[in-house]
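Some notes on the structure that comes next.
The structure presented is a predicted model; accordingly, all values stated were derived computationally and were not measured. Here is the naming used below: chain letters follow the sequence lines, and residue numbers restart at 1 for every chain.
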Protein chains: 2
Amino acid sequence: MRQPTADTANWISRFQGLMQLDQDTREQLLRKSQIISAPKGAVIFGPGKSPENMLFLLDGTVRVQQVSETGREILLYRITAGESCVLTTACLLAYEDYAAEGIAETAVRAAALPRAIFDELVASSPTFRNFVFTAFSKRITDLFHVIDEVAFQRIDVRLAQGLLDLAGQGDHLAITHQQLAVDLGTAREVITRQMQEFQRRGWVRLARGTVDILDRDALRHLSGR
Amino acid sequence: MRQPTADTANWISRFQGLMQLDQDTREQLLRKSQIISAPKGAVIFGPGKSPENMLFLLDGTVRVQQVSETGREILLYRITAGESCVLTTACLLAYEDYAAEGIAETAVRAAALPRAIFDELVASSPTFRNFVFTAFSKRITDLFHVIDEVAFQRIDVRLAQGLLDLAGQGDHLAITHQQLAVDLGTAREVITRQMQEFQRRGWVRLARGTVDILDRDALRHLSGR
DNA sequence: CCACTGTCTGTGACTTTGTCACCAACGCCT
DNA sequence: AGGCGTTGGTGACAAAGTCACAGACAGTGG
């Protein structure tokens, strides 16, 4: 467990790529940004609600997902503590119509940096610029990965991966089949059936709204990592 | 038809977002970049072949596609004349392992700008910076679109869209079922069957390696635009 | 305690899409 | 003419998604 409310005054040190920033830029970043909070379930940004700020996530996670015309949803990526929200920032510099939305998956705290300052820092600090492009990279390769998985990977493999990802260290998950279905961009029934199969094999134990992982190795083996 | 070898000396004017560049930056861009050519089928970048330059495409098109572990491929996006190659540039600033590859779909000509200069211009010119982020935006929303389509759209709808896109103004396409399958990230047999169905309905005429569109309206109607 | 309500899960029947294993037709080369 | 690689066609089957509905559970308010 890491401290939930670490020293806010020096949040920069939690971001790998920002640690080498020169003193001047650090100060700008600290002075011009503002610490904000949002409760679980809050819509951080979305269609018609563009983020005026670039966010540096201090605590919690934000899920960025997309809703298709048909009403179905899919998770694009998660932003976890210690990561930033570059994609949306950059996207909204240009295109206002934006199919994706960001939702606080837990209560979140973040440092918010106004667009204008973001732009200034990109111009003035090579380190900051590098941070931004690196963050971009990661997100984009993530997106490539999502495309690959959705297009070519079997659903049982993806589900096994998803369960392991979500479980982290623990073996207990509080999640519904519907939520898992959205994460993977498939239908709830498909998840239900696969979970049954996993349970039949003794890999998980199911109950209403929860999943217990009984055999990590089996799941890991299926997931191919 | 546009002139295939337009005045190279002033290629900047072909890029919407670069026209407002100040004189200084324009000169940098022209002096430090180099016009390069590649034949049809050339691999512009790919795994183990990272682009040392940012490309501004003057003529031709480049297809950026991804090859999955299973060997199947999918088109991520196309870069057409008048567009640039920002995603890859930025990506490769950071992550060298890169699943995507860029292939010249036709003979291409491009202005190549070394990374270092790219970085300088991003720092010094607000207009250039804006161009870069706008280009990013477009690509990323394209990727979101691909994810949405792959995950949720029916294959017949996607095929109809694909045919219309590829046909442009004309009614004749020189393309194999296999190539269409890669574009949509599906299997060749699936395309064959759908095309048969389209032909049965009188929407297209098929021949070895070619497709003639007979009923654009029907395709457009199915494609939902 | 019971009835009511909304959420969550389970299931069968069916359609669509993807996979596998072939084969046939075509164009090209020697 | 014969051989060969590419392209397209097909049937049988497996995987995944859709639709319609039913039962099970947890809370809520009487």
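Going from atom CG of Leu206(A) over to atom C1' of dA24(D) covers 14 Å, rounded to whole Å. The distance from atom CZ of Arg188(B) to atom C1' of dC22(C) is 11 Å, rounded to the nearest whole Å. Separating the CD1 atom of Ile175(A) from the P atom of dC8(C) is a distance of 11 Å, rounded to the nearest angstrom. Protein atom CD of Glu197(B) is 17 Å distant from nucleotide atom C1' of dG8(D), rounded to whole Å. Put simply, CG on Leu184(A) is 13 Å from C1' on dA16(D), counting in whole angstrom units. In this structure, the CZ atom of Phe152(A) is 14 Å from the C1' atom of dT19(C), given to the nearest Å. Look at CD on Gln153(A): it is 14 Å from C1' on dA16(D), rounded to the nearest Å. In this entry the distance linking CD1 of Ile191(B) with P of dT16(C) reads 16 Å, nearest Å.
Between Thr210(B) and His172(B), some side-chain heavy-atom pair lies under the 4.5 Å cut-off. Phe144(A) places a side-chain heavy atom less than 4.5 Å from the side chain of Leu143(B).
When heavy atoms are screened at a 4.0 angstrom cut-off, Arg72(A) is found touching the sugar-phosphate backbone but no base atom. Heavy atoms of Gln196(B) sit under 4.0 angstrom from primed sugar atoms or phosphate atoms, though from no base atom. Counting any heavy atom pair closer than 4.0 Å across all strands shown, Arg154(B) reaches sugar-phosphate atoms only and no base atom. Residue contacts shown for Gln194(B) are limited to sugar-phosphate atoms, with no base heavy atom under 4.0 Å away.
Where Ile155(B) and Gln199(A) each meet DNA chain C at their nearest nucleotide, the meeting point lying more 5' is that of Gln199(A). The residue among Arg208(A) and Thr186(A) whose nearest nucleotide of DNA chain D lies closer to the 5′ end is Thr186(A). Of the residues near DNA chain D, Asp156(A) and Gln178(B), the one whose nearest nucleotide (by heavy atom distance) lies more toward the 5' end is Gln178(B). Of the two residues contacting DNA chain C, namely Ala151(A) and Glu189(A), the nearest-nucleotide position lying further toward the 5' end is that of Glu189(A).
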Between Asp183(B) and Arg78(B), does the salt bridge (charged side-chain N to carboxylate O under 4.0 Å, His left out) criterion hold? Intermediate values first, please. CA-CA 10 Å; Asp183(B) 273 27; Arg78(B) 285 198 169 80; 2.9 Å; yes
Can you check salt bridge (charged side-chain N to carboxylate O under 4.0 Å, His left out) on Arg201(A) and Glu197(A), steps first, answer last? CA-CA 6 Å; Arg201(A) 295 184 197 167; Glu197(A) 179 61 21; 2.9 Å; yes
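For Arg193(A) against dT18(D), a side-chain-to-base donor-acceptor contact under 3.5 Å is present.
In this model, the phosphate group of dT7(D) is not approached by any side-chain N or O of Gln179(B) to a distance below 4.0 Å at OP1 or OP2.
Under the 30°/60° scheme for interplanar angles, the aromatic rings of Phe56(B) and Phe15(B) are found to stand perpendicular.
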